Each structure stands twice: as structure tokens, then as C-alpha cells.
Amino acid sequence: MTEVTQTSPDSASEPTGYDPAVVEKKWQTRWDERRTNDADLRDGARPFYALMMFPYPSAEGLHVGNLFAFTGNDIYGRFQRLQGHTVFEPIGFDAFGIHSENYALKVGVHPAELIPRNIANFRRQLKRAGLMVDWPHELSTTDPAYYKWTQWIFLELYKRGLAYRRRAAVNWCPTDKTVLANEQVIAGECERCGAKVEQRFLEQWFFRITDYAERLLANLDWIDWSETTKTAQRNWIGRSDGAEIVFRVMDLLEMGGAATVGLNVMATTAELNAFATDIRVFTTRPDTIFGATYLVLAPEHPLVDNIVGDEQREEVSAYRAAAAKQDLVTRKVSREKTGVFTGAYATNPATGRPIPIWIADYVLMEYGTGAIMAVPGHDERDFEFAKAFGLPIVRVVAPRGPRAAHHPSAAHVDSQNRDEHPPIEEPYIDTEHAFLVNSGQFNGLTVDEGKHAIVAWLAEREHAKPVVNYRLHDWCVSRQRYWGPPIPIIYCDACGVVPVPEKDLPVLLPNVDDFKPDDTGISPLARVESWYKVKCPKCGGDARRETDVSDTFLDSAWYFLRYPSTDVERKPFDQEMLDKWLPVNSYIGGNEHAVLHLLYARFVTMVLHDAGHLEFEEPFTKFRAHGMIIRDGAKMSKSRGNVVNPDEYIDRWGADSFRTYLMFLGPYEEGGDFRDQSIAGVRRFLDRLWVSAVDARRDGAPDLTVLRKLHQTIRKVSDDVPRLQYNTAIAAMMEYMNAMRTKERRPHVEEVRPLVQLVSPFAPHIAEELWERLGGTTSVFESGWPTFDPSLAAEELATIAVQVNGKLRGTIRVAQGTGQDAAVGAALADAGIAKFVPGVPKKVIYVPGRLLNLVV
RNA sequence: GCGGGAGUGGCGGAACUGGCAGACGCACCAGACUUAGGAUCUGGCUCCGAAAGGAAUGGGGGUUCGAGUCCCCCCUCUCGCACCA
């Protein structure tokens with residue numbers, strides 16, 4: 001075991017004696033035997049939870065992108081350990097979900113059989129990559145001991161009124177007769193058969209994440225996350241401040257009374273008033289209300305039936321039917337505006353004039369109130385629509401400026417005299433340098449002033465109130481699929497919706513051979529009568545289980561809470577473990593999860609906090625998004641044939657070289673370009689490290705110049721690693737290597753030893769081996785992190801750039817702390833500089849230790 | 001269309017709060033050691049120029065003693081989101 005050098009001393013291909021295959025095998029075995037990588041969860045001092053996003057165990061094996069992510073996390077974790085923390089670096093497998101299911105269908109093997117196989121392969125690959133994983137706490141979301149608690153979380157939400165059922169659209173392929181996930185719909189067509197996808201309505205479970213929108217948004221101000229990720233979440237939540245404005249439908253009785261407008265004869269007067277005569281719209285531009293020349297309702301809007309005129313009824317029905325058939329995914333911006341007139345009019349509460357009410361599919365029922373006031377003069381979509389249907393366009397906001405009064409767009413335009421003015425060619429969107437016109441007593445106000453003043457004015461007559469809206473929708477967690485945790489709900493004819501009692505959890509997913517979705521449009525579980533037929537837990541009568549499974553994102557919304565408690569059976573998580581290990585100190589993952597996964601994890605954590613299960617409400621104290629690896633300038637894909645298989649590279653170069661190269665090829669948070677040839681440079685560096693350590697002289701003293709460089713390097717690496725600037729940290733170590741080891745000199749032991757420690761987070765196996773050879777008696781990861789001596793790290797002489805009129809003309813070397821006059825003297829003593837200085841400099845700029853600029 | 005990020009040698013990429021542009025590495029060139037070199041070591045390597053020197057960080061303006069870095073306009077690439085009123 002210890003005679004490693006002897007294994008290949010005379011190998012011509014390995015003149016340095018460094019054989020990564022041997023070294024890596026040795027240390028992986030030893031780490032396992034000595035449990036070096038397992039954290040002492042109960043008693044470890046200064047706990048540090050270094051979390052990486054767990055992978056989906058695909059049949060293809062570990063992707064280099066996974067390894068890039070994990071290695072970056074591993075380096076950070078190992079660095080924290082060298083700083084004296086007890087580091088917990090767990091891993092698990094996100095093994096439920098449609099990916100696994102589709103792949104299983106494709107190859108005709110049951111996922112329950114496939115997944116363990118894939119996981120075994122992942123485990124093998126992760127181990128040989130040298131990750132400091134705490135294997136005893138591995139988990140899989142498909143394990144009943146895990147998804148029991150996923151179901152428990154569903155019930156916690158249900159108990160708190162945060163899970164509810166409603167009919168909602170799903171993507172439906174009429175040829176395959178199956179429900180499709182959004183990702184399976186490509187440009188409105190089924191990914192498999194190419195048929196045009198339609199929408200169908202099914203009863204589905206939703207989580208009220210919108211109740212948490214404001215908190216999810218507000219906490220972004222204080223959590224330490226990558227800015228790009230926070231921005232993505234802010235945009236996804238999409239808060240808009242605006243107002244709800246009430247428009248009254250006109251001449252209802254003249255149009256034929258309640259019978260004509262389709263009201264139920266049982267409707268009370270109050271219902272009639274509230275229901276049939278008021279249309280509420282949401283707008284962020286209440287300042288433009290004088291320019292609202294028509295209203296638009298979404299095709300699905302419930303008030304349409306109540307207001308539609310007899311003449312328009314047929315056309316309106318046809319339009320609504322067509323809209324209902326559209327698939328969910330494709331609502332293209334470039335599409336031409338369509339819509340139909342309802343025959344009804346409403347009163348603009350600002351102008352008192354009648355305006356027509358239309359329906360159009362460019363207004364979405366899911367957002368705001370499903371109705372808008374259209375202001376074609378100041379909104380592009382309304383403008384396009386108005387142009388298409390010849391509706392009036394009025395300017396009510398115009399640019400500020402002396403000529404504003406004469407500006408054609410500021411002229412009063414209304415239905416009477418609009419022909420006398422040049423037609424308006426485009427909507428005027430700018431709100432910053434603009435003020436109100438054609439708006440009665442509000443003329444001259446800025447847009448902001450106008451918003452407040454007009455809402456206040458309308459509010460006096462109860463026509464408006466300030467309102468906040470979010471783009472965020474409630475989270476649909478139902479999946480009409482097989483490979484997921486069954487939703488723990490029972491339907492009883494007598495008792496209605498009954499949650500499965502906690503003692504009956506988990507609701508096991510039955511092992512059925514026939515799990516293919518079929519033409520019933522409901523979950524495969526709905527065909528397993530022996531499974532879904534149950535007795536009601538409340539009344540004991542006949543009942544049936546919910547046959548949908550839950551979304552994979554629910555599995556991954558809480559796995560980090562489970563890791564420290566994987567050995568606990570009776571609870572989802574152990575209080576002592578929570579106190580000690582959570583919230584997560586550092587989470588690293590891809591920005592492709594910037595919104596869904598990271599938002600859901602935050603939401604579930606907040607709910608569990610509110611339910612009293614967790615003391616914290618934000619799960620990840622610090623989150624950093626890593627970049628993406630491309631290869632030869634292009635995204636990796638099977639079709640391009642440029643996918644990197646980590647096994648091949650580890651076989652050829654060793655895991656240490658591969659890890660270090662991945663970290664060296666670009667800034668970690670940006671990713672980079674994988675080039676086959678470039679890994680050689682990193683391997684050469686490790687070869688030289690090997691020789692330097694094995695050959696190191698022990699006699700004499702280390703060289704002072706080299707020591708200075710060493711201490712500068714320790715400072716640089718210590719600065720860079722916690723900021724994830726791995727590429728420059730590696731460059732600094734290479735630079736040190738170049739200074740330490742040249743043809744002329746053999747490095748001293750004291751010059752090499754600290755470098756071994758600096759390298760260890762990146763290349764752990766070779767570091768362990770060399771640490772041992774240099775006399776270390778424990779793992780290098782127990783050795784602490786080298787500290788630097790600031791006085792050693794400082795240069796004796798400063799090199800100062802000398803410029804004349806801003807142009808570099810030379811450099812001078814002066815003692816640290818040299819004053820301006822002395823520096824000027826030194827500069828003028830240099831002939832190469834002096835020749836550019838004809839007389840006495842007019843002005844001197846001196847930045848001590850850096851630069852001298854003589855202005856002549 | 002909206003939002004984010006980025007444009008620097010042959011290539012991947014460095015450059016702290018404005019202060020020597022091109023660190024480090026790949027590739028390439030020359031040399032040394034070698035039976036050999038796809039090993040190792042030494043040196044060179046932005047462009048123009050023999051040199052002195054000049055030009056150069058996507059393009060164009062500006063601020064400054066000094067700009068890759070700050071401000072304005074434009075171009076290109078890239079990743080999200082998709083009619084969110």
C-alpha cells in the first residue's frame with residue numbers, strides 16, 4: 001500500500017513516477033476504511049453544510065456538467081474543512097419523475113428496476129471523482145422511507161388550507177391520448193407523434209404559493225444569493241403595482257333585461273348588480289384612463305354570457321370555443337390580434353362616455369381580473385388591436401417640453417374631431433419624460449402624479465382601489481402519471497375529500513407492469529382497482545384513492561431537510577439535527593433551477609416554518625449559481641456528438657487532473673469551454689508537484705524569494721477559493737510552481753508542503769499521498785489551512801510604472817514607501833524616461849507603489 | 001418584445017475600489033538532453049516596424065493626468081420569459 005512509487009519506477013511513459021490510477025485507488029479505499037469523509041453529525045464542531053443539487057440518475061451516467069457542479073461544491077467543502085469546520089457533504093438521487101418514466105417506457109424496463117441500476121452507476125462514478133461525500137446519508141426520493149414524508153408535507157399544506165383542488169387545463173395529445181408535460185410540447189405539437197396538442201380540463205391539486213408571493217419577494221432583499229438568481233426570481237414572481245377600476249355596463253335593461261343577458265332567474269338583485277353590471281379591470285396605468293376607448297375580456301371570462309348581445313351571441317360562442325381548444329404552450333407574440341365585439345358597452349368612469357366591450361385572447365384569464373381597459377394610445381398590444389378593428393385611439397400622455405402644447409400628439413382627439421388631426425402612428429410608451437393631456441383636471445401632471453391622483457379621485461366614488469398583482473401562479477402538483485409519490489388523499493361519497501391519516505403513510509406506489517399512460521386521460525393508477533378501492537378512513541364506507549401522483553419538484557423541495565436525519569424513521573427530520581445543521585450554509589447549483597426548484601424549496605420551507613416545524617424560513621443562507629460547460633464552443637448534446645464522458649477522461653488523466661482542469665477552464669460562476677488538449681497543462685502541473693515533493697531537499701533553508709512568493713500565493717488562494725474563483729487560484733499555484741521549481745533548483749520541503757495543502761481541495765488524492773510522503777501522519781484534510789505572513793507576502797521593492805502624458809515610458813524600482821520627490825528623481829535619472837521630459841513637469845500624479853505620471 | 005449575462009492574442013481566459021492590458025494554461029516556433037520523443041527542460045510567442053517607436057480590449061462619441069474598467073449612442077452573441085395589462 002505504501003510502496004506506490006515502486007509500482008511503476010521504470011515505466012517509460014511515467015518518468016515522474018506519478019500514477020494517478022494507483023494513488024486514487026489507494027486513497028479512495030483508505031477514505032472508505034477510515035470513514036474520512038463521514039461527518040460526525042451529532043458531535044462535530046463548527047458544522048458546515050455544503051449542499052449540491054442532487055442529480056437525476058439518468059441511464060447515460062454522470063454528465064460532466066454534474067461533475068463540474070459537484071467538484072466546485074467539493075472544493076468549497078474541503079476548504080471549509082481545512083479551516084476547521086465539520087463539513088457535511090451529502091448526496092442523493094432525484095429519481096422520480098417523467099424522465100425516468102419515459103426512458104423506462106422506451107427501453108421497456110420497469111423504472112423500479114432501472115433506477116437502482118442507474119444509481120449504482122452514479123455512485124461508482126461519484127466515488128471515483130474523489131468527492132468528499134457522506135455516503136451513509138445518501139437518499140433517493142423513490143424510497144418509501146423518503147416519500148412517506150413527501151406525502152406528509154402534502155398533508156401539512158392541506159391542513160393549512162394551502163392545497164386545494166380545481167379544474168385546470170392540461171396538455172392533451174389527441175393521437176397518443178395522453179397528458180403531456182409542457183416540455184413534451186414542441187411548438188404546439190406532441191413531441192412524439194407531432195399531433196397538434198389540445199387542452200383538456202381535469203380536477204387537479206394546487207398549492208397556494210401565491211399566498212407567499214410577497215414574502216418570497218421580500219426575503220430576496222436579505223438572502224446571500226447570486227444576483228442573477230435573485231433577479232430571475234423577482235421576474236418570475238413579477239409584482240405589479242396598479243389599480244383595479246370598475247366599469248359599469250350600460251343599458252342593460254334596454255338590451256332585453258335579465259332573460260336576454262342570460263342571468264339565472266334565481267339570481268338575486270344583489271347578484272345581478274354585482275355580477276352583471278360591473279366589470280373590474282386591472283391596470284398599472286390608471287393615469288391613462290381618459291384614453292381607455294374600449295374594454296377587453298378574456299374569452300373564458302364568466303361575465304361574457306351575461307353581457308353578450310343577441311346579434312353577437314353566435315360569433316362570440318364560436319370565438320370562445322376556438323380559444324378553448326388552443327394548446328397551453330403556444331401563445332405566440334407575433335400572432336395577429338383577434339377578437340369579437342360583445343354588443344355591450346360600458347361607461348368610462350373618467351370621461352362618462354360609452355366604450356365598447358370586446359373579447360380577445362390576448363387578455364389572459366389567469367392574470368389580474370381577466371379583463372382590461374384598453375388604452376391604444378399608450379400600449380402596444382391595445383394599439384395593434386385598435387388598428388386591426390378600427391377602434392378609436394386617443395393620446396392622453398405626451399412628451400414634456402416647450403412645444404408640447406403644439407405637439408400633434410398633445411392635441412385633443414376624441415370621437416367627434418379625430419379626423420381633423422394626423423392619425424396616431426404608434427403608441428407612446430415613455431413614462432419618464434411625459435405628462436398628462438386630454439385628461440380634464442389632471443392635465444399637466446406627470447405620469448406618477450397622475451396615477452395617484454386619478455386613483456384617489458375614482459376611489460372617492462368607489463370606482464377604483466390600489467391593487468398589487470403577481471405573475472406567479474399557484475403550483476399545480478398533480479401529475480397524471482405513474483412514477484411518483486401517490487397524492488395521499490381519499491375520496492369518499494359520504495365524507496368528500498379525506499386526507500390519508502399520518503399513521504397510514506406512506507401510501508405505497510403499487511408495483512404494476514402496465515404503467516403506460518392510456519386513452520382514459522387519467523393516471524395509470526386509475527386502472528389498478530385493487531389499489532385505489534379503499535375504505536374511507538373516516539366512515540369506513542367505500543371510497544377511492546386519488547390516482548394522480550405529485551410533481552417531482554415536491555420531492556426536491558425538501559430533500560436537504562432530510563439528509564441529516566436519513567436514519568430517523570418516525571419523523572421527517574430530527575430536531576437536534578435541524579438545530580445543528582440547518583439552514584444550509586452553502587448551496588451550489590445550476591441557474592436552470594433559478595426559479596422552479598429554488599422557489600418551491602423556499603416556499604415549502606416557509607410553510608413548514610409557519611406550521612412550527614422549522615425555526616428558519618429561508619432554507620439556503622448562501623446560494624451560488626455555477627456556469628455551464630460547453631465543448632469546442634457549442635452546447636454538449638448527443639446529436640452533436642460532443643458529450644464528455646467523465647470516465648474516459650478519468651481513465652486517461654486521473655480524477656485529480658480532471659477535477660482541477662474543470663475548475664481551471666473558466667470562471668466557475670460563468671462556466672467555460674472544455675478543450676481536450678488543455679487538460680494536459682493541469683496534468684503537467686500535478687506531475688511537477690509530484691516530483692517537487694518526492695525530490696524535495698530537507699537540508700539547508702528555504703529560499704527567501706521563494707518564500708515571499710509562497711506567502712503571496714497562500715494569500716491569493718485563500719482569497720479566491722471562498723469566492724469560487726477557482727481558475728485564478730489554480731493559476732496562482734501554477735505561478736508559484738514556476739518560481740519554486742526550475743531546472744537549476746530543487747525545492748525545499750518547506751516550500752512544497754504548504755503547496756500540497758493549497759492543492760488538496762482541488763486534487764485530494766495526490767495531496768493525501770504527498771502529504772503522507774512529506775511526513776504527515778493524519779489526512780491532509782485534518783492538517784489545517786496554511787496561513788500567510790503579511791510581512792513576508794509584501795514585496796521589498798515596489799515596481800512603479802512611469803508615464804509621461806499618460807503614456808508608459810518605463811518602470812522604476814524603488815523602496816516601499818518612497819515619496820513623490822524621490823520617485824520623480826529616480827524616474828528622471830532613467831535616460832529612457834528622461835528623454836520624453838523636456839523640462840520641469842507641469843504636473844505630477846503619484847500613486848505610491850503603483851504609478852507615476854509626469855504631465856509635460 | 002421584456003429581462004439577465006457577455007464581446008480582450010491562433011484558442012480557453014487574467015487584470016483589486018479607473019493606475020504597467022494579455023497573468024496562468026493550450027497550441028505553435030526555436031534550442032538542449034536523447035536511439036527515439038506525443039516525455040522532460042530552456043527560451044520565444046498581440047499586431048505593424050530592422051530599430052526608435054506606433055497601434056490595439058466589438059464600433060462611435062464623452063469624462064479624466066490616465067479608461068478593458070465610468071457615462072451616452074450603436075452592433076453582435078448568448079441564456080431566461082413569452083401578449084402578465
Side-chain angles (χ1 to χ4, degrees), chain A residues 12-16 227-232 234-236 238-240 242 281-285 288 296 329-335 337 360-364 366-375 378-382 384-385 469-473 591-592 594-595 627-628 630 632-633 635 661 664-667 669-670 672-682 684-685 687-688 691 719 725 727-738 742-744 799-811 832 835 841-847 849-856:
Chain A
S13 62
E14 295 293 343
T16 64
E227 275 310 316
T228 55
T229 312
K230 292 211 260 189
T231 305
R234 284 193 186 101
N235 292 341
W236 189 260
R239 180 184 159 126
S240 287
V281 307
F282 174 70
T283 178
T284 54
R285 293 292 306 276
T288 61
V296 190
V329 179
T330 331
R331 277 197 156 184
K332 286 230 166 87
V333 176
S334 55
R335 222 179 49 185
K337 293 281 181 288
D361 64 3
Y362 83 93
V363 173
L364 309 176
E366 312 88 74
Y367 186 76
T369 60
I372 62 157
M373 64 177 209
V375 185
H378 303 283
D379 180 277
E380 282 184 46
R381 296 150 305 183
D382 296 344
E384 278 173 32
F385 191 83
N469 260 309
Y470 302 90
R471 295 177 59 129
L472 185 69
H473 292 8
N591 233 354
E592 69 271 18
V595 281
M628 200 175 63
I630 56 174
D632 300 323
K635 215 170 180 169
Y661 174 59
F664 183 59
L665 54 67
E669 292 180 72
E670 283 164 40
D673 197 357
F674 191 98
R675 305 258 160 173
D676 278 4
Q677 280 180 321
S678 302
I679 192 172
V682 169
R684 275 197 271 270
F685 168 68
D687 278 333
R688 295 175 76 197
V691 177
D719 275 355
Q725 288 166 3
N727 57 332
T728 52
I730 295 165
M733 291 188 281
M734 288 174 164
E735 224 178 306
Y736 175 61
M737 174 66 76
N738 292 341
T742 64
K743 189 166 190 164
E744 288 76 36
T799 304
I800 290 176
V802 182
Q803 298 180 338
V804 178
N805 289 342
K807 272 198 193 316
L808 182 71
R809 295 302 183 185
T811 58
K835 72 179 177 186
K842 281 188 223 142
K843 188 173 174 187
V844 176
I845 288 106
Y846 182 53
V847 184
R850 280 198 173 274
L851 169 132
L852 178 67
N853 189 9
L854 305 173
V855 184
V856 299

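Note on naming: letters A, B, ... go to the chains in the order of the sequence lines (proteins, then strands), and numbering restarts at 1 for each one. Please read all numbers here as calculations on a predicted model, not as lab measurements.
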Minimum heavy-atom separation for [X] to [Y], with atom names?
| X | Y | answer |
| --- | --- | --- |
| A/Tyr661 | A/Asp673 | OH-O, 3.8 Å |
| A/Ser240 | A/Thr284 | CB-CG2, 3.9 Å |
| A/Leu854 | A/Pro841 | CD2-CG, 4.2 Å |
| A/Ile679 | A/Asp676 | CG2-O, 3.2 Å |
| A/Tyr362 | A/Ala374 | OH-CB, 4.4 Å |
| A/Asn469 | A/Gly368 | ND2-CA, 3.6 Å |

>> Side chains of A/Asp382 and A/Ile372, heavy atoms from C-beta outward: is any pair under 4.5 Å?
In response: yes

Can you tell me how far [atom2] of [N] sits from [atom1] of [X], to the nearest Å?
| X | N | atom1 | atom2 | result |
| --- | --- | --- | --- | --- |
| A/Phe685 | B/C26 | CZ | P | 12 Å |
| A/Asn738 | B/C24 | CG | C1' | 8 Å |
| A/Asp382 | B/G1 | CG | C1' | 15 Å |
| A/Asp676 | B/A27 | CG | C1' | 13 Å |
| A/Met733 | B/C24 | CE | P | 15 Å |
| A/Lys230 | B/G4 | NZ | C1' | 15 Å |
| A/Met737 | B/G25 | CE | P | 11 Å |
| A/Ile630 | B/A6 | CD1 | P | 15 Å |

Between [N] and [M], how far apart are the two [atom1] atoms, rounded to whole Å?
| N | M | atom1 | result |
| --- | --- | --- | --- |
| B/G49 | B/G10 | P | 15 Å |
| B/U57 | B/A50 | P | 24 Å |
| B/G25 | B/G43 | P | 12 Å |
| B/C24 | B/U17 | C1' | 24 Å |
| B/A55 | B/G68 | C1' | 16 Å |

> From A/Ile800 CD1 over to A/Leu852 CG, what is the distance, rounded to the nearest 0.5 angstrom?
Replying inline: 7.0 Å

> Out of curiosity, A/Arg809 CZ to A/Lys835 NZ, how far, rounded to the nearest 0.5 Å?
Replying inline: 8.5 Å

Give [X] one of three labels, base, sugar-phosphate or nothing, depending on what nucleic acid heavy atoms sit under 4.0 Å from its own.
| X | value |
| --- | --- |
| A/Asn591 | nothing |
| A/Lys842 | nothing |
| A/Arg809 | sugar-phosphate |

> Should A/Lys807 be listed as having a side-chain N or O under 4.0 Å from OP1 or OP2 of B/A55?
Replying inline: yes

> With sequence neighbours excluded, what pairs up with A/Glu380 under the side-chain contact (heavy atoms from CB on, under 4.5 Å) test?
Replying inline: A/Pro427, A/Ile429

>> Test of understanding: with side-chain contact (heavy atoms from CB on, under 4.5 Å), list the residues that count as partners of A/Arg850, not counting sequence neighbours.
In response: A/Val847

>> Quick check: on RNA chain B, is the nucleotide nearest A/Gly370 upstream (toward 5') of the one nearest A/Val855, or the reverse? Name the residue that is more 5'.
In response: A/Val855

>> When you compare the side chains of A/Arg471 and A/Asn235, does any donor N or O come within less than 3.5 Å of an acceptor on the partner?
In response: no

>> Looking only at the side chains, is there a donor atom on one of A/Tyr846 and A/Asn853 sitting less than 3.5 Å from an acceptor on the other?
In response: no

> B/G68: syn or anti, with syn meaning chi within 90° of zero?
Replying inline: anti

Selection from [options] that lies nearest to any side-chain heavy atom of [X]:
| X | options | value |
| --- | --- | --- |
| A/Thr742 | B/U42, B/A85, B/C65 | B/U42 |
| A/Arg684 | B/A27, B/A85, B/G25 | B/A27 |
| A/Met734 | B/A27, B/C83, B/G25 | B/G25 |

> Can a cation-pi geometry be assigned to A/Lys337 and A/Phe385, taking NZ or CZ under 6.0 Å from the six-membered ring centre and within 45° of the ring axis?
Replying inline: no

Contact list (N/O, under 3.5 angstrom) for nucleotides 76-81 of chain B vs protein:
{"from": "B/C81", "atom 1": "O2'", "to": "A/Arg471", "atom 2": "NH2", "distance (Å)": "3.3"}

Under 3.5 Å between N/O atoms: give me all the protein pairs with nucleotides 43-52 of chain B, atom names plus distance.
none

>> Walk along nucleotides 10-23 of chain B from 5' to 3' and tag each nucleotide B, S or - by protein heavy-atom contact under 4.0 Å, base first, then sugar-phosphate.
In response: -SBSS-B--BBS-B

> What stems, by residue range, does RNA chain B take part in, given at least 3 consecutive Watson-Crick or G-U pairs under 3.5 Å?
Replying inline: B:1-7 with B:75-81, B:10-12 with B:24-26, B:28-32 with B:40-44, B:46-48 with B:53-55, B:58-62 with B:70-74

>> Working note: A/Tyr470 + A/Tyr367, criterion ring-ring contact (aromatic ring centres under 6.0 Å, His included); need CA distance, chi angles, decisive distance, verdict.
In response: CA-CA 8 Å; A/Tyr470 302 90; A/Tyr367 186 76; 9.3 Å; no

